[in-house]
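Chain letters run A, B, ... following the sequence lines, proteins first, then strands; residues in each count from 1. Side chains included, hydrogens not; waters and symmetry mates left out as well; all remaining heavy atoms used.
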Protein chains: 2
Amino acid sequence: MDLRKLKYFEAVAEEKHIGRAAKLLHISQPPLTRQIHQLEEELDVVLFNRTPKGMELTDAGELFRQEVKNIFALIDQATERTQKAGRGELGRLDIATFGSGILDSIPQVLLAFKKAYPEVSIVLHQMDKGEQIKALRQKRISLGFNRILSPLPDIRSELVTTEALLLAVNTSDSMANMTHVPFDSLRDKPLILYPTSNRPSFVDKIYRLCQLSGFSPVVSQEVGDAVTAVALVASGFGSCIVPESATVLSLPGVIYKPFINAPDESSVDLSCIYRKGDNSPLLKAFLKIVIHYRMQNSKQVVTR
Amino acid sequence: MDLRKLKYFEAVAEEKHIGRAAKLLHISQPPLTRQIHQLEEELDVVLFNRTPKGMELTDAGELFRQEVKNIFALIDQATERTQKAGRGELGRLDIATFGSGILDSIPQVLLAFKKAYPEVSIVLHQMDKGEQIKALRQKRISLGFNRILSPLPDIRSELVTTEALLLAVNTSDSMANMTHVPFDSLRDKPLILYPTSNRPSFVDKIYRLCQLSGFSPVVSQEVGDAVTAVALVASGFGSCIVPESATVLSLPGVIYKPFINAPDESSVDLSCIYRKGDNSPLLKAFLKIVIHYRMQNSKQVVTR
DNA sequence: TAGATTGATACCTTTAAGGTATTATTCAGG
DNA sequence: CCTGAATAATACCTTAAAGGTATCAATCTA
């Protein structure tokens, strides 16, 4: 079977005339006659009745014509879909997020991507950093969102946004009516912290900042994610340090305060990580959106 | 696009290795490399990632592989269906029957055909002879069942069965307890007859038989079809002459009597008619069943 | 570092599709 | 009844494209 023959068949079926069909196909009549004969021989079916006026489809030919139409439609569809997939406009993207990272920035990036590439289905997975790296290597995911990174030979990363750290305090706290909180006022204040999972972690960062300010934090409670932490702040368990994006959690009894006199690097990055060799167009498309988001975001910061 | 390329693509996708795939396809490696490159160029999509270990499908390639599988399945299906249609095993057959002809023989033939060619859908149309011939010429039907035929240049016919003529009489009739009815006893007996639609007709035949016996029939009533006629016999309107197959109508008050001393040709043919030039495999298949039916039927008559 | 294995490239051979000239057949019109 | 026009079919040649052989560049492995 040969698509050329099918195309030729379609033309003859349409024109009911070998000569005219040949002209339409920009070939001469004899080769077309031959191709039609070969097709009939291959199928072992008479597709046309030859009359002195031209070619007339048999019932079997009529049926075959429909089938051929479907075949070409399917081929066109296959081509189109494959090309879309090749441009990263169609497919499935498995993305990992960490516990409370799914606040503010990540949804915004995902939304922007969804808008630009509506035919890509995004599947989200909850994973901590260690799991993300494992899943990346096993190709179970193509992307992971993370905060604190250590360089790895087979993993690349792209910065999404940089967020200031804020202190979430209870409204009954003595610091509640300050506009800015000096970082070292955290000395002796009970802090809600997170367990250290995979180093380097967000907790490590907080410990280092305290160390730079010359004290060790007093841990009142360890919780798994920022949402729980803020909830505990609301009920008076203590304060906690959160990235700026956590302010979307507006719980009664909680207010967020910026630091003053904080050591350098009192901000935290949000990055996405991916396999080094991955040249999938889906990944490229996503990174393009990430970079666009970062640009737009930093511009906003500048113009503020 | 070219099915050869798709076949080659499938092989490489399966083997993940150009060399092995080439061996499987019984060609050498370089042309296969070239074909894959051409396919990628034509689609403008990278289908494989080349590694030192072999070829690895990209996401787009993976999708294309599915599509290609569907394409080949559709082509196979198209081929199969067309071949069936070419052998008359698939399709639609429009058949005309006349009023009461749809008794006994015709259903048996249709049933036999349905059994032998289950994938052919038969569409029945009620038409008298004149309409049948018109519909045949306009190709609205491919076959018509009929009794009395006049030869036409563009219409062929095939005998289905020959039936004796019987007299349907009311049980109260004086002839009811005869085993055989002399034909000329119909003289002066009221007969239920049919209107003459297209000559030569069944009525013409009856008139001729009467004429040969030396009398003219007394018409008590004209009715459109044999079923109505027999119903009138049941209620005492008179007698009527019917083909043997009408005996399947067993109405209370009606008994069927064979003739004796009837003129020659006191039997009537059931034939099917079709276009002279029609070489459709569906028609051929149907005629084969018709001839088979006739053979089997005449054998039964002989062995009786 | 040497050898083996991968896909890619260069160049020639062979197959099959396309072109030109012609034929057989059928139908329409004189 | 014959002639001419139109149809698809056939014979034979030309051309384009697929296939084969030899070889290369790159990468991993021992």
Side-chain angles (χ1 to χ4, degrees), chain A residues 1-58 60-61 64-65 137 153-154 275-279, chain B residues 1-58 60-61 64-65 137 153-154 275-279:
Chain A
M1 186 61 67
D2 177 0
L3 291 186
R4 178 192 287 113
K5 288 186 171 60
L6 300 188
K7 268 266 169 278
Y8 287 3
F9 165 79
E10 272 194 331
V12 175
E14 176 65 31
E15 290 295 319
K16 303 174 190 297
H17 193 290
I18 293 235
R20 283 199 299 274
K23 192 164 280 182
L24 232 137
L25 293 165
H26 305 295
I27 61 172
S28 62
Q29 171 257 317
L32 183 53
T33 296
R34 194 175 355 138
Q35 293 284 342
I36 296 296
H37 274 127
Q38 283 173 9
L39 180 61
E40 288 186 321
E41 198 161 327
E42 186 179 354
L43 290 172
D44 193 28
V45 172
V46 179
L47 298 170
F48 293 98
N49 287 322
R50 276 72 171 175
T51 74
K53 280 170 194 159
M55 309 280 277
E56 197 174 57
L57 279 172
T58 61
F64 191 61
R65 189 186 189 180
R137 286 179 177 147
D154 57 340
R275 281 184 298 280
K276 186 187 166 192
D278 192 348
N279 56 0
Chain B
M1 186 61 67
D2 177 1
L3 291 186
R4 178 192 288 114
K5 287 184 174 60
L6 300 188
K7 267 268 168 276
Y8 288 2
F9 166 79
E10 272 194 330
V12 176
E14 175 65 30
E15 290 294 319
K16 302 175 190 299
H17 192 289
I18 293 235
R20 282 199 300 273
K23 192 163 282 181
L24 232 136
L25 294 165
H26 305 293
I27 60 171
S28 62
Q29 171 258 318
L32 183 52
T33 296
R34 194 173 357 136
Q35 293 284 344
I36 296 295
H37 274 129
Q38 283 173 9
L39 180 60
E40 288 186 321
E41 197 162 327
E42 186 179 353
L43 290 172
D44 193 28
V45 172
V46 178
L47 297 170
F48 294 98
N49 287 321
R50 276 72 171 174
T51 73
K53 280 171 196 159
M55 309 280 278
E56 197 173 57
L57 280 170
T58 60
F64 191 60
R65 189 186 187 179
R137 286 179 176 147
D154 58 340
R275 281 184 299 279
K276 185 187 167 193
D278 192 347
N279 57 359

### Message
Salt bridge or not between R50(A) and E40(A)? Use side-chain N to carboxylate O under 4.0 Å.
### Response
yes

### Query
Do the non-hydrogen side-chain atoms of F48(A) and T58(A) ever get within less than 4.5 Å of each other?
no

### Task
Measure from CG on D2(B) to C1' on dA16(C) and round the result to the nearest Å.
13 Å

### Summary
CZ (R20(B)) and CD (E14(B)) are apart, to the nearest 0.5 Å, by 10.5 Å

### Query
Does a side-chain heavy-atom distance below 4.5 Å link F9(A) with R65(A)?
yes

### Task
Report yes if some heavy atom in the side chain of L3(B) is under 4.5 Å from a heavy atom in the side chain of M1(A); otherwise report no.
yes

### Message
In this structure, how many angstroms lie between the P atom of dG7(C) and the CD atom of E15(B), rounded?
### Response
11 Å

### Message
Tell me whether the side-chain N/O atoms of Q38(A) come closer than 4.0 Å to OP1 or OP2 in dA16(C).
### Response
no

### Query
On DNA chain C, nearest-nucleotide positions of Y8(A) versus T51(B): which is more 5'?
T51(B)

Find every protein N or O atom lying less than 3.5 Å from an N or O atom of nucleotides 12-14 of chain C, and list the pairs.
none

## Note on the structure
Among dT6(C), dA17(C), dT9(C), the one nearest any side-chain atom of R4(A) is dA17(C)

### Message
For a quick check of understanding: with a heavy-atom distance under 4.0 Å over all strands, which category does P52(B) fall into, base, sugar-phosphate or nothing?
### Response
sugar-phosphate

### Query
Taking side chain as C-beta onward, heavy atoms only, is V45(B) less than 4.5 Å from L39(B)?
no

### Query
For K5(A), does the NZ atom sit with more than 12 other heavy atoms under 6.0 Å from it, leaving out its own atoms?
yes

### Message
Could you tell me how far apart I36(A) (CD1) and dA17(C) (P) are, to the nearest whole angstrom?
### Response
13 Å

### Query
How close or far is atom P of dG18(C) from atom NZ of K23(A), stated in whole angstroms?
18 Å

### Query
Could you give the CD1-to-C1' distance, from I18(A) to dT25(C), as a whole number of Å?
15 Å

### Query
Going by modelled atom types, is there a donor-acceptor pair between the base of dA8(C) and the side chain of Q29(B) at under 3.5 Å?
yes

### Task
State plainly whether the residues D154(A) and R137(A) are in salt-bridge range, i.e. N to O under 4.0 Å.
yes

### Message
Nearest heavy atom decides the nucleotide; on that basis, is P31(A) or K53(A) closer to the 5' end of DNA chain D?
### Response
K53(A)

### Query
Side chains of L47(A) and F64(A): does their closest heavy-atom pair fall under 4.5 Å?
yes

#### Entry: Residue closer to the 5' end of DNA chain C, P30(A) versus K5(A) (nearest nucleotide)
K5(A)

### Summary
From NE2 of H37(B) across to P of dG7(C) the rounded distance in Å is 11 Å

### Query
Nucleotide range of DNA chain D contacted by chain B, 5' to 3', under 4.0 Å to a heavy atom?
dA18(D) to dC28(D)

